[in-house]
A.B. asks: 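Quick one: structure below, then a few questions.
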Amino acid sequence: MTFYTLGIESSCDETAAAVLEGDHALRSNVVFSQADLHARYGGVVPEVASRNHVIKIVPVVQAALDEAGVQLEQIRLIGATRGPGLIGPLLVGLSVAQGLSFALDAPLVAVNHLEGHLFAHRLDYPQIPPPFLALLVSGGHTHLIRVKAWGDYELIGTTRDDAAGEAFDKAGKLMGLGYPAGPQIDKLAQHGDPKAFSFPRPLLGQGFDFSFSGLKTAIRYFLQDHPHAKLEDVAASFQAAVVEVLAHKLFEAARQLRIDTLVVVGGVAANSGLRTRLQDLAKREGKKVYCPQLPLCLDNAAMIAACARYRHAYLKEESLLNTFATPSLPLA
Ligand code: KG4
Ligand code: ZN
């Protein structure tokens with residue numbers, strides 16, 4: 001009998017559900033982004049997010065089943081994000097998953113969202129298993145992770161303040177761009193000169209931790225002093241600073257740890273400047289860099305389903321039905 005996993009993701013402002021067949025055949029991947037609802041506030045408002053998850057979660061799950069052509073009764077496993085994320089939003093998705101698990105008598109695997117991002121790689125490149133070195137760059141996290149095996153992770157470095165995506169969003173806000181600003185900076189940067197202005201490269205050459213809050217402050221003062229600077233050039237120069245720090249640390253860690261397979265996941269992995277730079281470096285250094293396709297980089301439930309399926313099938317894991325959401329759940 002075909003093994004279908006239903007994945008549910010609701011840790012921030014995306015209500016998402018997906019149906020996975022077996023280990024990595026994606027049958028549907030439905031994402032309802034609340035970004036427009038939060039844009040007017042310049043960032044995610046947790047209470048607004050929770051309320052909209054409540055409104056959207058059942059229609060999104062139904063849409064994922066319809067798109068997959070699968071009946072609810074055919075679902076054999078439920079995977080849902082338990083953290084890290086916003087407590088209200090997490091509770092909505094996890095509670096629905098617990099209810100479905102009970103009603104269908106199907107096991108539940110409560111998934112770590114960060115591990116979920118890593119599993120986006122398994123969906124696109126099942127033929128490239130660990131070990132590899134991963135850079136997880138999203139709105140909430142900047143992690144360099146040594147993935148020894150699925151389920152076995154060593155944190156090599158992380159941010160001391162803002163995450164990479166947060167830096168994009170905050171810098172974009174200062175530039176007058178809407179939320180989320182990452183994709184807009186990416187677009188503007190394509191028409192700007194990355195060498196036009198010189199912004200700081202925080203902690204470059206100083207270990208594997210990151211720091212982006214100083215860069216944001218540098219942008220603030222720069223814009224105060226140069227109110228007529230060409231926005232495309234500011235965006236390109238800012239992006240160049242972030243990309244250089246991320247790329248430099250990833251490749252330095254790869255050299256030191258003697259790892260030739262690199263994987264980049266999370267929303268910022270969608271950045272075209274970062275992707276190009278990493279592929280250039282990979283060619284030069286004889287390494288391989290893998291970035292999942294864009295929809296799998298951003299928050300989605302396909303990655304959650306893939307992670308749940310792996311943990312259930314190969315690590316023999318099953319979560320208790322009263323597993324609680326954990327907003328600050330660490331990866332390792
Ligand atoms: O992984 P994700 O969808 O959600 C979190 O888990 O945080 O990442 C969202 C983040 C946002 O900060 C957004 O601005 C950033 O990813 N982002 C980008 C791009 N697309 C999304 N940043 C830079 N360039 C992009 N093309
Ligand atoms: Zn995420």
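Because the structure is a prediction, the values reported are computed rather than measured. Counting starts at 1 for both ligands and their atoms, following the listed order.
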A.B. asks: Identify the closest protein heavy atom to atom 1 (O) of ligand 1: which residue and atom is it, and at what distance?
C.D. replies: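 Checking every protein heavy atom, the shortest distance to atom 1 (O) of ligand 1 gives Gly267 N, 3.0 Å.
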A.B. asks: Less than 3.5 Å apart, any donor N or O on the side chain of Ser11 or Glu9 sitting next to an acceptor on the other?
C.D. replies: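 A pair is found: one side chain offers a donor N or O, the other an acceptor, under 3.5 Å apart.
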A.B. asks: Check whether the side chains of His53 and Ser10 place a donor and an acceptor atom closer than 3.5 Å, and report yes or no.
C.D. replies: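 Result is no, nothing qualifies.
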A.B. asks: So, Thr2 versus Gln74: side-chain donor-acceptor pair below 3.5 Å or not?
C.D. replies: no
A.B. asks: Answer with yes or no whether the side chains of Asp161 and Ser211 bring together a donor and an acceptor at under 3.5 Å.
C.D. replies: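 Yes, Asp161 and Ser211 have a side-chain donor paired with an acceptor closer than 3.5 Å.
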A.B. asks: What is the NE2(His117)-the Zn ion (ligand 2)-NE2(His113) angle, to the nearest 10 degrees?
C.D. replies: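 Taking the Zn ion (ligand 2) as the apex, the two atoms subtend 100°.
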A.B. asks: Under 30°, 30 to 60°, or over 60°: which ring-plane class applies to Trp150 and Phe132, parallel, tilted or perpendicular?
C.D. replies: perpendicular
A.B. asks: Could you tell me the residue and atom name of the protein heavy atom closest to atom 22 (N) of ligand 1, and the distance to it rounded to 0.1 Å?
C.D. replies: Gly182 CA, 3.4 Å
A.B. asks: Taking N or O atoms only and a 3.5 Å limit, does Asn271 qualify as a polar contact for ligand 1?
C.D. replies: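 Such a contact does occur with ligand 1.
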A.B. asks: Which ligand 1 atoms, with their elements, are less than 4.0 angstrom from a heavy-atom of Leu298?
C.D. replies: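 Ligand 1 atoms under the 4.0 Å threshold to Leu298: 3 (O), 21 (C).
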A.B. asks: Calculate, to the nearest 0.5 Å, the distance between atoms OG and CG belonging to Ser50 and Asp13 respectively.
C.D. replies: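 If we round to the nearest 0.5 Å, Ser50:OG and Asp13:CG are 11.5 Å apart.
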A.B. asks: Going by the atom numbers of ligand 1, which of them fall below 4.0 Å from some non-hydrogen atom of Gly165?
C.D. replies: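 Those atoms are 12 (O).
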A.B. asks: Among Phe222, Phe212, Phe238, find the residue that satisfies the ring pair (Phe, Tyr, Trp, His ring centres under 6.0 Å) test when tested with Phe199.
C.D. replies: Phe222
A.B. asks: Counting from 1, what ligand 1 atoms have a heavy atom of Gly140 closer than 4.0 Å?
C.D. replies: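 Near Gly140, the atoms of ligand 1 are 7 (O).
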A.B. asks: Please indicate whether any nitrogen or oxygen in Ala181 is less than 3.5 Å from any nitrogen or oxygen in ligand 1.
C.D. replies: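 Checking ligand 1 against Ala181, no N or O pair falls under 3.5 Å apart.
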A.B. asks: Nearest 0.5 Å please: distance from the CD1 atom of Ile145 over to the CG atom of Leu136.
C.D. replies: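 Taking CD1 in Ile145 and CG in Leu136, the distance rounds to 5.0 Å.
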A.B. asks: Any side-chain donor paired with an acceptor under 3.5 Å for Arg146 and Tyr153?
C.D. replies: no
A.B. asks: For atom 11 (C) of ligand 1, which of Asp169, Asn300, Leu274, Leu177 has the closest heavy atom?
C.D. replies: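 That would be Asp169.
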A.B. asks: State whether the shortest distance between N or O atoms of Pro180 and N or O atoms of ligand 1 falls below 3.5 angstrom.
C.D. replies: no
A.B. asks: Using a plain distance cutoff, I'd like to know if Gly266 has any nitrogen or oxygen under 3.5 Å from a nitrogen or oxygen of ligand 1.
C.D. replies: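 No, since none of the N or O atoms of Gly266 sits under 3.5 Å from an N or O of ligand 1.
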A.B. asks: Hey, is ligand 1 close enough to Phe168 that some N/O pair sits below 3.5 Å?
C.D. replies: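 Such a contact does not occur with ligand 1.
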A.B. asks: To check your reading of the model: name the closest protein heavy atom to atom 4 (O) of ligand 1, its residue, and the distance in Å.
C.D. replies: Asp299 OD2, 3.0 Å
A.B. asks: Could you check whether Gln34 and His38, counting side-chain N and O atoms only, form a donor-acceptor pair closer than 3.5 Å?
C.D. replies: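 The answer is yes; a qualifying pair exists.
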A.B. asks: Counting only heavy atoms, which portion of Asp186 has something under 4.0 Å from ligand 1: side chain, backbone, both, or neither?
C.D. replies: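 For Asp186, the contact with ligand 1 is made by the side chain alone.
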A.B. asks: Measure from the side-chain N and O atoms of Glu166 to the backbone N and O of Ser138, and report whether any donor-acceptor pair falls under 3.5 Å.
C.D. replies: no
A.B. asks: Is a side-chain donor-acceptor pair under 3.5 Å present for Asp299 with His117?
C.D. replies: yes
A.B. asks: Specify the protein heavy atom at minimum distance from atom 10 (C) of ligand 1: its residue, its atom name, and the distance to 0.1 Å.
C.D. replies: Gly139 N, 3.4 Å
A.B. asks: Heavy-atom contacts under 4.0 Å between His117 and ligand 1: side chain, backbone, both, or neither?
C.D. replies: side chain
A.B. asks: Non-hydrogen atoms of His113 versus ligand 1: any pair closer than 4.0 Å?
C.D. replies: yes
A.B. asks: Is the shortest distance from a heavy atom of Cys12 to ligand 1 less than 4.0 Å?
C.D. replies: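 Cys12 does not count as a contact of ligand 1 under the 4.0 Å cut-off.
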A.B. asks: With the Zn ion (ligand 2) as the reference point, give the N/O/S atom of Asp299 that is nearest.
C.D. replies: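 Checking each N, O and S atom of Asp299, the shortest distance to the Zn ion (ligand 2) belongs to OD1.
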